[in-house]
Amino acid sequence: MDARTEEERFNAIIDDDEKIEPRDWMPEAYRKTVIRQMAQHAHSEVIGMQPEANWIARAPTLLRKAILIAKVQDEAGHGLYLYSATETLGVSRGELQELLHTGKQKYSSIFNYPTLSWADIGAIGWLVDGAAIVNQIVLQGTSYGPYARAMVKICKEESFHARQGYSIMMTLADGSDSQKAMCQDAIDRWWWPSLMMFGPHDSESAHTAESMSWKIKRKTNDELRQMFVDQTVPQARYLGMTIPDPDLEFDEESGHWKIGEIDWEEFWSTIRGDGRLNRERIAHKVKAWEDGAWVREAATAYAVKHGMKLDKSA
Amino acid sequence: MSTVTTRNPLAAYIVRHADDNMVIGQRLAQYISRAPELEEELAVANIALDHIGVADHLFTYAAKVEGGGRTGDDLAMLRTEREYTNLLLVEQEHDGFGELIARQFFFDAYQALLWEALADSTDDTLSGVAQRAAKEATYHLRHSSAWVIRLGDGTHESHRRIQRATDRLWRFTAEMFEADDLDRQMAADGIGVDPSTLRDAWESTVDSVLEEATLTRPEDSFQTSGGRTGVHTELLGPMLAEMQWLQRSYPGLSW
């Protein structure tokens, strides 16, 4: 008989870098934190479909159109996968969606910015997915087992997303003056919001210390942001494009690129719901959900009538 | 102005089937992020990808057959609505999931038969595309039939909606089986199929699914056509305007 308390056993799993599984005892605050983070991740995948879907109908070639559809489809799949992983903690997809629709849970603020040109599709793949990958690669080592395994699967597809984004940017950067201008304009609008994706400075982050001690987070916001900057600045230079930060410089001593100050006012106002398209994104999602109510009801009624096992997805 | 896409009969024949797949693929793609459930987002995107993939293969092949220096993308992106030769059914808009499914069901039931027949084409490339597309069409038909049945035999409201969608789109169904000179010539050459020969099997699929769905087969005998000669409804132009916008705005560039 293991004489340790449940909490001691939990702490031992964390200390040994092993995974917490759904049936393991966990502190209520740990459960809540993991639910919040996974749900936010799932919501981000689903809301993130919208800015890209905005360009599917206008994609310039059949190949680009097909790649973009496949990418948006992957995001729906990631959303589904992450909702399922979250359900292992005893909360249903329906409940989580309700929290999204009513603004009680958040999604990544990056998706509140509009996609205004084809280059924005390139910038989302390269910068936004690039930033997401930096975060997600580290999350493969997160302490909650189902979340860590979801990240392994999702990272594989995300790297394809980032590559297709960079391929769009390369083509534009090698193109006409108007295409080069489109490419630069997209970088000008997406660079800072991409850096904001990593969240506030560590000193301002409400959850970092606790999440680090539970190994839900494995690196701090500022560490992750620095990794992203270091990998992305050379890529921007290779494109022959300018990063919209006059203070950006390479620090020989540390071997890192140093960025200027992020506009935290813009960051917090977007988080609060006052970003460019916060209201539109939620309205779009809620409308799709409400428009589909009769379909979901029909599927349920049909299943009941025909004595099928109820599949809550249908 | 000329309504002829190309003077090469084989190219024209391939293009009409490419157009059908391009247009319905584009319609489905417009629905992405608006589905009733995440599982359907995946399904709709998947089906859109299949159709666009077929269109891409066929446009590329038609451009090669035509031999005039145009690319597959040129055929998709730089022809006007008078030059598009798709069936009227596929350009119809959907007001929601019900009409999307009804449109898809009528078309899937046709395409499953079409590709099965074209798999035996003496044209190797067309036969190759058809063999792959036949498998996809079987899956598409399974998906759309299942939804017609679920919606028809679901709630009172869903029954009303899918019946209305079926009734509204019915007038575009006979066009799928109208054979013109090009169809007959291609069938005689062993390359194509006379679509009128597919009608009975289509009717039988549709009747059995509608029956299982407890839906009434529409009785309105009015039918309309014109797509194969580029005489469309007013819905194709705006769709192409959106689809071709980037290529038209910045001509001659690589993307």
Side-chain angles (χ1 to χ4, degrees), chain A residues 45-47 49-66 68-70 72-77 79-80 83 93 97 117-118 168 171-172 174-176 178-179 182 284-285 287-289 291-303 305-306 311-314, chain B residues 22 25-46 48-49 52-53 55-57 59-60 71-73 76-77 96-98 101 146-147 149-162 239 242-247 249-250 252-255:
Chain A
E45 296 281 358
V46 172
I47 296 292
M49 295 167 68
Q50 290 181 37
E52 294 185 289
N54 181 38
W55 279 90
I56 290 175
R58 290 177 289 170
T61 68
L62 295 187
L63 179 64
R64 292 288 187 203
K65 190 191 291 288
L68 186 55
I69 293 172
V72 175
Q73 186 189 29
D74 283 348
E75 281 149 16
L80 200 51
Y83 282 127
R93 197 203 314 179
Q97 283 178 330
S117 81
W118 173 249
I168 290 174
T171 308
L172 296 174
D174 284 342
S176 69
S178 56
Q179 286 174 310
M182 205 183 279
H284 179 110
K285 183 75 185 64
K287 182 176 189 309
W289 185 249
D291 286 352
W294 69 275
V295 176
R296 295 188 300 274
E297 284 158 16
T300 306
Y302 180 85
K305 230 184 271 190
H306 294 269
D311 175 357
K312 62 180 170 295
S313 63
Chain B
M22 183 72 249
Q26 178 78 3
R27 276 280 179 249
L28 288 168
Q30 289 173 333
Y31 190 67
I32 293 170
S33 83
R34 294 172 172 81
E37 191 55 285
L38 272 176
E39 285 80 354
E40 282 308 303
E41 292 287 3
L42 290 168
V44 168
N46 215 35
L49 273 176
I52 291 167
D56 195 5
H57 276 108
F59 278 137
T60 302
T71 65
D73 273 323
M77 297 293 179
F97 192 69
I101 286 296
W147 272 113
I149 292 165
R150 252 180 249 148
L151 297 176
D153 192 18
T155 62
H156 177 71
E157 174 67 4
S158 68
H159 180 90
R160 188 184 66 79
R161 287 184 189 238
I162 191 70
M239 173 199 267
E242 181 180 50
M243 185 175 104
Q244 300 177 338
W245 172 76
L246 208 49
Q247 289 281 3
S249 301
Y250 302 90
L253 303 181
S254 293
W255 297 93

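As the structure is a computational prediction, the values presented were derived from the model and not from experiment. Chain letters run A, B, ... following the sequence lines, proteins first and then strands; every chain starts at 1.
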Given a strict heavy-atom distance threshold of 4.5 Å, which part of [X] is in contact with chain A: side chain, backbone, both, or neither?
X: B/Asp56; result: both
X: B/Glu242; result: both
X: B/Ile149; result: both
X: B/Met239; result: neither

Proximity breakdown for [X] and chain B, heavy-atom pairs closer than 4.5 Å:
X: A/Leu80; result: both
X: A/Ala293; result: neither
X: A/Ala53; result: side chain

B/Glu41 side chain vs A/Glu75 backbone, donor-acceptor pair below 3.5 Å
no
Do the side chain of A/Arg58 and the main chain of B/Trp245 share a donor and acceptor less than 3.5 angstrom apart?
no
Does B/Ile32 reach the side chain of A/Gln73, with side-chain heavy atoms less than 4.5 Å apart?
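The answer is no; the side chains never approach within 4.5 Å.
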A side-chain contact here means heavy atoms from C-beta on lying under 4.5 Å apart; do A/Asp291 and B/Phe97 qualify?
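Answer no - side chains too far apart.
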Considering non-hydrogen atoms only, spot the tightest contact between [X] and [Y] and give its length.
X: A/Ile69; Y: B/Ala48; answer: CD1-CB, 4.5 Å
X: B/Leu151; Y: A/Ala298; answer: CD2-CB, 3.8 Å
X: A/Gly292; Y: B/Pro36; answer: CA-CB, 3.6 Å
X: B/Gln247; Y: A/Pro60; answer: NE2-O, 2.9 Å
X: A/Ile56; Y: B/Ala29; answer: CG2-CB, 3.5 Å

Report the distance from atom [atom1] of [X] to atom [atom2] of [Y], rounding to the nearest 0.5 Å.
X: B/Arg34; Y: A/Met49; atom1: CZ; atom2: CE; answer: 10.0 Å
X: A/Ser178; Y: B/Tyr250; atom1: OG; atom2: OH; answer: 6.0 Å
X: A/Leu62; Y: B/Met243; atom1: CG; atom2: CE; answer: 6.5 Å
X: A/Gln179; Y: B/Leu253; atom1: CD; atom2: CG; answer: 4.5 Å

Find the one option among [options] whose heavy-atom pairs under 4.5 Å with chain A are most numerous.
options: B/Glu157, B/Arg161, B/Met77; result: B/Arg161
options: B/Asp153, B/Thr155, B/Leu246; result: B/Asp153
options: B/Ile52, B/Leu42, B/Thr71; result: B/Leu42

More than 12 heavy atoms of other residues, nucleotides or ligands under 6.0 Å from NZ of A/Lys305: is that the case?
yes
Heavy atoms from other residues, nucleotides or ligands near NE2 of A/His306 exceed 12 (cutoff 6.0 Å)
yes
Under the side-chain contact (heavy atoms from CB on, under 4.5 Å) rule, collect the residues that match up with B/Ala146, sequence neighbours excluded.
B/Arg150
My understanding is that only one of A/His284, A/Glu52, A/Lys285 makes a side chain to side chain contact (heavy atoms under 4.5 Å, CB included) with B/Ser33; could you say which?
A/His284
Strictly below 4.0 Å, N to O, side chains only: are A/Arg93 and B/Glu37 in salt-bridge contact?
yes
Going by the rule side-chain hydrogen bond (donor to acceptor under 3.5 Å, both in side chains), which residues pair with B/His57 if we only count those two or more places apart in sequence or in a different chain?
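Counting only residues at least two positions away or on another chain, B/His57 forms no side-chain hydrogen bond (donor to acceptor under 3.5 Å, both in side chains).
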